[in-house]
Structure formats: C-alpha cells, structure tokens
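To find a chain, count down the sequence lines: A is the first, B the second, and so on, and within it residues start at 1.
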2 protein chains.
Amino acid sequence: MINFSGQETLMRKADRLFEIIEMMRASDNAVTAAELSGELNVSELTIYRDVRGLQGQGVPIEGEAGIGYVLRPGFHLPPLMFTMDELEAIVLGARLAGQRGDDGLEKAAERVISKVKSVLPAHMQDRMDRVALYAPPTYDVGHGIVVMPEIRECIRAEQKIRIDYKSLAGQPSQRIIWPVAVAFFSGSTLLSAWCELRNDFGHFRTDRILNYDILDEKFNGGSGRLLRAWEQSVSTRKRPS
Amino acid sequence: MINFSGQETLMRKADRLFEIIEMMRASDNAVTAAELSGELNVSELTIYRDVRGLQGQGVPIEGEAGIGYVLRPGFHLPPLMFTMDELEAIVLGARLAGQRGDDGLEKAAERVISKVKSVLPAHMQDRMDRVALYAPPTYDVGHGIVVMPEIRECIRAEQKIRIDYKSLAGQPSQRIIWPVAVAFFSGSTLLSAWCELRNDFGHFRTDRILNYDILDEKFNGGSGRLLRAWEQSVSTRKRPS
DNA sequence: ACCCTACTGACAGTATATGTCAGGAGTGAT
DNA sequence: ATCACTCCTGACATATACTGTCAGTAGGGT
C-alpha cells in the first residue's frame, strides 16, 4: 500500500515467505499448497517454488503427497512486534473476555492489556489506548455458587470435583466429574467434563450446580488426549440448530 | 551458499534484508550503508534501496546523514511473561474476537496467539495449546458490502467516508461521516461516527450501508478527544433496556 | 572549511519471479 | 483397485524487479 518506489514484488515475496511459515506454524494440521495459494493470491506452483526455496535455506518444512506441508516444531524466527490489527484484536478480545468470562478472567484481561502496552513503543501505546472497538454489554452471566477461577484451576491441575447438580427437569443428582473445558455462552456458562456416573462426557450449566467439592484426587488427562477426545465427541454430536 | 535450483538472488535479497536488520540490532552505534554494503557484498545504493523498502514496510529504521542507520526499538517483540489466568484470558479473548470481529481481526487474533506463544518459555507453550476455554459459535455477522478492515483503518487514519445509507425506515441518504468507533454486537455491527449532515454523532449498521467511498480528506480527532466526546454522548443517552 | 554520510535520479543489462500447461508419483479413503 | 487429493518436476514465455555505475544534493559532526 505505502510502497513508494517500486520493490513491490520482492517485498510481496519476502512477505509471502514469511506468511507461509506463519500459516504453517499457526495450523495444527498440515497445510496444502492450494490453501496457501488461495490465501496469498499466487499460483500453486509459486508456492511449491517458495517452499523449495525455504527448504533450501534450511527451514524444516516437510511436504508429503496427499497430505500437505508441515513445519517441524522448534523452528523460530524472531518474533515481530504486534501490528495495529493485532493490537485491536487484543483489546477487543480482552473486552469480550472481560464480559463473558468470570471475575478472574476480567482482571487477567486487564493485566494483559497493561503488559502488552508496556512493551510497545511510545507512539503505539497511545494508539492502543485509543482502540475504538467495543463489545456491547450483555447480560451479566450468573455462575450460581460456582467460583469459576477455582474451576479453571481444577481443569489445569486435573483435579476431580464432586458436584450436586440439578438437571433441566429439576432432578438432583450427585456425581464426580473430571473437568475438561468451559464454554462461555452469552447468557450462561457450560462446564464440560467426563462424568464418572455416566461414563461419558457431559455438560453442566454452572448456575445449576447446587454445591461442589474439589477433591484431592486427580485424573489423568494424558497430555491433552482427554481434551481432544472431548473435542471429537462434541463435533460428532452436533446439534442441527 | 546452499542454494539449489534457481531463486538464488531473491533468497539472497530476502536474507539480505534480514541481515540488515540483524546488523542494526546487534550494533549499539549507528551502522553506515558502507559497512552494510561491505558485509553483504552489494553496492551502497542497493543498501539504500533495501532500507527504503524496509521503511516503507513499516520497519522503524532511522537514517541520518553523517551518522548512519539506527533501528528504533519496537520492531522485535521482547519476551513476555504471563500467568496462566492471563494466558487463558488471551486465548479466550482471541477466540471471541475471531468470532465477533471481521476477517481481518480473526486472522490478527490467530497471529496474536502465535506471537505470544513464540515469546513464552517452553513449558508454558504446551499449556497455552491446552487452554480449554471456548467461545461457542454464533451467527455469522453480515457486513453487507462493507470491508471492515478498511473501515478500521479509516478510524485509525482519521479519514472521512462518504456513505449511502438506508435508515431503518428504508429512507436512503448520502452523508459524509468521521468514523470513530465500531461496536461488535452478536448479530450486527455498528459503526459510530460524527455525521456532517446532522452535525451530531450517529450509529450506522454496517449491513445497511449501501455504498461507500473512502475520501482523501481527513478529520481531526484531536488525539482522542473526539473519541472521548463520543463515549460521553453514548453514556448520557443510554437506553433503559 | 572539510569529511562523512544519507539520499535522489537516470540508464541499461541481467536475472528473477510468475503463470500456464502437462504429467509423474505417493497417500488415504471408498 | 479405483479414485481423489496432493506434492513435485519440467519446459517455455513474459513481464518486471534488481543491481551496478555515474553524477549530484543536502545534512551532520569536527
């Protein structure tokens, strides 16, 4: 955009090489040349040539037919300062997280803003203060008696919880759960967990948890395997609406 | 050196740009174009052109006659330390911003995650991948013909916009506005701006903007004063519901 | 005053980057 | 085994970007 005086294409190419690496690193799965070419507005062949060039330069990209490209972990190029777009995303995200999330997250989001601001050059600090993207207030989410920061800590520490739960029908029950994830809806918060009673994953509205005890006993999340299993169980029983 | 298969010069140039930045960062004093050209085996003019290109791309290089080049801080992202609460706020915020915001913000939010992760100590990177706080999918927000990243850029650059707008009643009108803020509701997006037609602030649903032209003419936001005036005008005419 | 240095402009040859077209070979699913 | 997907190679043509040389201007420091 602001390119004075030629050099447009080279810059575009240097940027493209950078973007290729970023996209591969950002994605968990393999990235295909077709995806890259679509995103970067060049032909697939150009991507192939770019990748070959990067590999020749020592970038650990692995390409497999039928799969796509994967960037082997451990490759780091020096991290660049946040762009204005990224700062706007951080500020908007913090505002949203502060509204949707619990008190702990709200305060954490504020600390994030100030930490990020502290590493910015002076002129960008001003601009960050003036990010004018807003998340309009929603209903205050009620968590009942549940102290959400505690629950999040249980997820991280893999600690079991015994809960007294009242189902939608009003049926009370007691069960021991392995907390896995939290979904922040606009009006309510859902705690997803493995339920020992049902031997399956279940979702529990936090405002229907009547009582709970954090147990000393831990469960084994298997370095994220339980989380991935939960993700899969959610994506397979998708609701139509 | 290890350059197989063509692309020698481009790689050399991309590398050279990288090297120029590295040499400037490594040196405490200013670096002269002559030093760079000697080290990189190109003419001085090529260095001048490279630097101009980098500056055009936003790299904060300052050149002074008689002195040399200096890389201002704010190009590299320094290491950052976050607590788990803060990391969870960042990840949740990025997910929320990615859903509510426009395409540009979604990508920016992804890059934020990737950048933050890259400056984190190793043991925290894994934990960041496993943050299990989710923002449930919402309806896809329609912006009509409006390209939101462009609008955000106009807010930052304080550029006037001429819009064709269709009011709720269906009444079309053309006006020139000074874009001030964007509010991302869950179902729609509101652009707030000073309206030259009404001489007052107004809110415009992006999906009711029929057409728009970004003008070269700029307005004067007064270092955030316009934004604060808008904030005040919003807080005084609060709607009860 | 003097040297150093960033910067600009014009000109020309080279090499480079990119696209299109066609085809080969490996992978995973049906 | 077939099929769809994907990485990868080769050849060819075109536009254009990069680089160097030469000459000159302007600002900084001593």
Undergrad: Nearest heavy atom decides the nucleotide; on that basis, is B:Val51 or A:Asn41 closer to the 5' end of DNA chain C?
TA: B:Val51
Undergrad: When you measure from the side-chain N and O atoms of B:Arg49 to the phosphate of C:dT8, is any distance below 4.0 Å, counting only OP1 and OP2?
TA: no
Undergrad: Ignoring the backbone of B:Asp50, work out which of C:dT18, D:dT19, C:dT5 is nearest its side chain.
TA: D:dT19
Undergrad: Reckon B:Thr32 has a side-chain N or O less than 4.0 Å from the OP1 or OP2 of C:dC4?
TA: no
Undergrad: Whole angstroms only, please: what is the CE-P distance between B:Met24 and C:dT5?
TA: 14 Å
Undergrad: Where along nucleotides 22-30 of chain C does protein come under 4.0 Å, by heavy atom, of base (B) or sugar-phosphate alone (S), with - for untouched nucleotides?
TA: ----BSS--
Undergrad: Round to a whole Å and report the spacing from CG of A:Asp15 to C1' of D:dA17.
TA: 16 Å
Undergrad: If you only use heavy atoms from C-beta on, which nucleotide in C:dG19, D:dC22, C:dC7 is closest to the side chain of B:Leu45?
TA: D:dC22
Undergrad: Are B:Arg162 and B:Tyr212 in a cation-pi setup, meaning NZ or CZ lies under 6.0 angstrom from the ring centre and within 45 degrees of the ring axis?
TA: no
Undergrad: Identify which nucleotide among D:dC8, C:dG19, D:dT19 has an atom closest to any side-chain atom of A:Tyr48, counting heavy atoms from C-beta outward.
TA: D:dC8
Undergrad: Have A:His203 and A:Ser192 got a donor and an acceptor in their side chains that come within less than 3.5 Å?
TA: yes
Undergrad: Rounded to whole Å, how long is the line connecting atom CD1 of B:Ile47 with atom P of C:dT5?
TA: 14 Å
Undergrad: Would the A:Phe201 and A:Trp178 ring centres measure less than 6.0 Å apart?
TA: no
Undergrad: Please report the distance, rounded to the nearest Å, between CD in A:Glu44 and P in D:dC5.
TA: 12 Å
Undergrad: Rounded to whole angstroms, how far apart are CD on B:Glu62 and P on C:dC7?
TA: 10 Å
Undergrad: Using side-chain heavy atoms (C-beta onward) and a distance below 4.5 Å, is B:Ile90 in contact with A:Lys115?
TA: no
Undergrad: Between A:Lys13 and C:dT18, is there a side-chain N or O to OP1/OP2 distance below 4.0 Å?
TA: yes
Undergrad: Check whether any side-chain heavy atom of A:Val91 lies under 4.5 Å from a side-chain heavy atom of A:Leu133, and answer yes or no.
TA: no
Undergrad: Counting side-chain heavy atoms from C-beta on, which of D:dT9, D:dT21, D:dT6 comes nearest to A:Arg52?
TA: D:dT9
Undergrad: From CG of B:Leu40 over to C1' of D:dG20, roughly how many Å is that when rounded to an integer?
TA: 16 Å
Undergrad: How many Å lie between CD on B:Gln55 and C1' on C:dC7, as a whole number?
TA: 10 Å
Undergrad: Which is true for A:Val42 with a 4.0 Å heavy-atom rule: it touches a base, it touches only sugar-phosphate, or it touches nothing?
TA: sugar-phosphate
Undergrad: If I take atom CG in residue B:Leu36 and atom C1' in nucleotide C:dA6, what distance separates them, rounded to the nearest angstrom?
TA: 12 Å
Undergrad: Less than 3.5 Å apart, any donor N or O on the side chain of A:Glu64 or A:Tyr69 sitting next to an acceptor on the other?
TA: no
Undergrad: Counting C-beta onward and ignoring hydrogens, is there a side-chain heavy-atom pair between A:Leu80 and B:Phe75 closer than 4.5 Å?
TA: yes
